[in-house]
Amino acid sequence: MTDAPAAPRKLFLLDAFALIYRAHFAFSKNPRINSKGMNTGAILGFTNTLVEVLQKEKPTHIGVAFDGPKKTFRHEQFPAYKAQRQAMPEDIGTAIPYIKQIIEAFDIPILILDGFEADDVIGTLAQRAEAHGFEEVYMMTPDKDYCQLVTDRIKIYRPAFMGNAAEILDLDHVLKRFEIERAEQVIDILGLQGDASDNIPGIPGIGEKTAKTLIQKYGSVENLIAHVDELKGKQQENVRNFAEQGLLSKELATIHVNVPLPFEPEQLCCSAPDEVRLTALFDELEFRQLAARVLKTGPTRTAVPISPAKGTKSSIPTGAGHQASLFAPAPGITEFIDDDEDARPGPQGPRRTLAEVPHQYHLIETPRLRQELLKFLLLQTEVSFDTETTGLDTMTARLVGMSFCWLPGEAYYVPVPQHDAAAAQALVDEFRPFLEHAGIVKVGQNIKYDLTILKHYGIRIGGPLFDTMLAHYLLEPDMRHNMDVLAETYLHYTPVSITELIGPRGKKQKTMADLPPADVSNYACEDADVTLQLKHVFEPRLQELGLLRLLNEVENPLVPVLADVEYEGVKIDSAAMGDYSAQLQGYITELEQQIYAAAGQEFNIGSPKQLGEVLFDKMGLGGGKIKKTKTGQYATGEEILSVLALDNPIAGLILEYRQLTKLRSTYVEALPQLVCEADGRVHTSFNQAVTATGRLSSTNPNLQNIPIRTEKGREIRKAFVPRDADHVLIAADYSQIELRIMADFSQDATMIEAFRNGIDIHSSTASKVFKVPLEAVDGEMRRKAKTVNFGIIYGISAFGLAQRLGIGRKEAVDIIDAYFQEFPAVKTFMDASINKARELEYAETLLGRRRYLRDINSRNATLRGFTERNAINAPIQGTAADIIKIAMIRIHEWLQKENLGTRMILQVHDELVFDAPRSEADYVIPRIKELMIGALPLSVPMEVEVGTGSNWLQAH
DNA sequence: CCCTGTTGG
DNA sequence: ACACGCCAACAGGGA
């Protein structure tokens, strides 16, 4: 008998830091924090990748490479190498020791060598393994530099990531991707095009495309330089001037495969993990699911029974479609159900999908079944519902169907007739008793959308609302609140993706109306089901954190208010916009000519790149001290140009040009295009769940940044007009709301007194800081005091104040010192805010709205400073947001109750705009003012300024 | 798709 | 030596 051929040897070499960074940032939107407050995302992500490769690929040999501790030869050659790369995030720093311990517990060798980076180590070992006859060598990394090492047997293994499957890059891939003949030429490509993330400069003007063509033609950087004469124009100049830099870049991109490291295959052999040690580590880190998967000795899991909701007897209307037995649990599911309620669930671990979870989703298509369903709906106290439509634009979308759910795992979908508006309306009307029922809580995800859709069918949703998107916004204000992600995170459940149903976004995208109702049913029912289950997860958490009242008394009641405001829209005088556009165009063309004349050449003024070159290279402006942006371009921002304007008129012309083109493109040209055909008005969307502080934001268009500060900008407000000649616009502004909140929070006696006596706050501050009588305060002093007052709210520094005021640093220090001497309680309050945030790791508004400040105790001074300023600003800005939200709810409620014709049409952070019948204005104004002032009484009086006019500018 | 620059509070 | 006041949306350039 001959020897059996030896089993193929399969080596995996992992690039530790690259994988760790990637894992860390994958979790950055949804950090995993364990009960000790440790961010374990990087560790979990890395370990998952490791486990996956061990289980799926079953390597015979494996090693994990780390960068060596000392600077590498690359830093010596080129000091800027990786210089602009940010310091390692703290969470990664703390993660590294754990990751090393886990690797050790798996009995995998850690490869590390002083003065060399992981890629050199991996490159060296990969080539030696190939030389030793290894059949397969995989370099595990997301980094494209490694492409230069790929051969028949050495490949790149990119681990699965954010839904993308793992990917193996072989020689074919590499040659095609870079359009080269030999893998080594990757370094020539990189040498020419550079690599921003590693600060490898490359040659200016050569990007990916150009690099490929040049290397195809010349084969290498050296040969290109030798034939530089054959190139043309600017390119020739660049290659000639930056030849050195190109060669150096190539050198930097080269992975060195002669690292003094012995290749000892037996050291790299895969062996069994140390289960005791792993158990201890996973236990400490609270990786329960991972432990169960890896160690197979975790506690036995039991299925969570689907609990019947309170107050419901039968759960399935008779005859409502499928038999329960059709939906028996999938075999083996029990072991996947997580019993881990306390730890925040992360987006890892086994996922359950529609096919795996017991559910009963019913398609309700006959009049009899609809009546039966309605009967049940009317028996509930709380129902989650969802609408399916033909698109996302509420003004044009048509209803396709509605789904309802009041028991987890059980939902009903009612298709709406298409192509027959009357029949569709009739069907919606069937459900009116439920939809408008004032006693049934309506649960939804982004329920404003459903409200608006149904409003087009004449339905005014009744009863308290519960929006799971807003619930999550209060729990995690700086995250995203996408339902699919929430389901994965909190329910360990993967909903059917909409893309699967209607295809990717694009020209040929289907809509829900193009699908058979049975297909839509599954999707729609699942959404209602998931939404209800999310509510059940979020509600107790909100209760614990003291956020339930804020949700139920502010955010949820604001939803129908915003739906009405958006639905109402704003009238825009498009003709006036058109005239103004032509006028602006005239100014702009004139400016262009003047700028070209001053520069002595034509160029694209709108390109910061070209502009910088013209101003600084060609014209030699700036006198030596020229600032650059972080990407190495010339900085040409407002502050820079206004300084230059003192010496050269071109800078002023450019600023004016910028202002006018901004006005034209962003407002004058864009707004008329967004006028809705059906009613001739512009309908913005107010997003209630994006800002970290609790403010609203406005998109499509953003009506919260319509110009007002400059004369030419203000003009645009004249085009915002009442609905007709019998109406007027009313604008009501809170005056200095944030400073009043500061006075209340700090209880500073001087500040409170000024507000109580109705003294102009900026003059009052000026009088105190500059130690002159109130009457002696001049415009300049008031201006400075105003800047100081705003600076205080934002947690200003002497540097910042000096910059803003254009004064010396010393003077700024003096002003700030004087300020704190005169307003000592403000200083105390600011310190206390920071201390409280250090303790709690969050800041909160008067109503308990939180902003998490997890970096407040960071050792990174810059990051900490940033977070400290947030600790001061977030409660103030957030409380102002709370206050105006309450006012909006009360005013809306009052306008409805009194059946008035006045409509709220805009909110701009501290301002509300109304469109009112002329005859009503005198009646509503005092009440609007009263409701705004009284929304949330503070220890200082609130002031509201109200104006009216036949356009928005006049109303101010 | 990211960057720079502008608009608002 | 470095960075340096908060919260947003949108347009255009350049790859």
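On a predicted model such as this, the values are computed, not experimentally measured, just so you know. Every chain is numbered from 1, with letters handed out A, B, ... down the list of sequences.
By the 4.0 Å N-to-carboxylate-O rule, A:E868 lies close enough to A:R838 to be salt-bridged with it. A:K836 and A:E844 are joined by a salt bridge, as a carboxylate oxygen and a charged side-chain nitrogen come within less than 4.0 angstrom of each other. Comment: A:K627 does not engage A:E639 in a salt bridge, judged by the lack of any side-chain N to carboxylate O separation of less than 4.0 angstrom.
At a cut-off of 3.5 angstrom, counting only N and O atoms as typed in the model, there is no donor on one side facing an acceptor on the other between the side-chain of A:R709 and the base of B:dG8. Applying the 3.5 Å distance criterion, the base of C:dG12 shares no donor-acceptor pair with the side chain of A:R658.
Here A:T666 does not reach the OP1 or OP2 of C:dA11: none of its side-chain N or O atoms lies under 4.0 Å away. A:R869 has a side-chain polar atom (N or O) that falls below the 4.0 Å cut-off from OP1 or OP2 of C:dC6. A close approach under 4.0 Å does not occur between any side-chain nitrogen or oxygen of A:T691 and OP1 or OP2 of C:dC7. Contact annotation: A:S797 side-chain N/O to C:dA3 OP1/OP2 distance is not under 4.0 Å. For the OP1/OP2 pair of B:dG5 and a distance below 4.0 Å, the side-chain nitrogens and oxygens of A:T636 include at least one atom meeting the criterion. Checking the phosphate oxygens (OP1, OP2) of C:dG14, a side-chain nitrogen or oxygen of A:S607 falls inside 4.0 Å. Contact check, A:N604 against C:dG13: a side-chain N or O comes under 4.0 Å of OP1 or OP2. For the OP1/OP2 pair of C:dC7 and a distance below 4.0 Å, the side-chain nitrogens and oxygens of A:N870 include at least one atom meeting the criterion. Contact between the side-chain N/O atoms of A:Q610 and the OP1/OP2 oxygens of C:dG14 is found at a separation under 4.0 Å.
If you take atom P in B:dG5 and the same atom in C:dC4, they sit 16 Å apart, rounded to whole Å. When the P atom is compared between B:dT4 and C:dA3, the two are found 14 Å apart, to the nearest whole Å.
When the nucleotides B:dG5, C:dA8, C:dA9 are ranked by their closest atom to the side chain of A:N702, C:dA9 comes out on top. When each of C:dC7, C:dA11, B:dG9 is scored by its nearest atom to the side-chain atoms of A:F866, the top-ranked nucleotide is C:dC7. Closest to the side chain of A:T699, from the set B:dG9, C:dC10, B:dG5, is C:dC10.
To the nearest angstrom, C1' of C:dA1 lies 14 Å from CZ of A:F799.
For the residue pair A:Q216 and A:E179, a side-chain donor N or O sits within less than 3.5 Å of a side-chain acceptor on the partner.
When heavy atoms are screened at a 4.0 angstrom cut-off, A:I708 is found touching the sugar-phosphate backbone but no base atom. Residue A:G791 is in base contact, counting any heavy-atom pair closer than 4.0 Å across all strands shown.
The only member of A:D814, A:L801, A:N789, A:I796 that meets side chain to side chain contact (heavy atoms under 4.5 Å, CB included) when paired with A:Y819 is A:N789.
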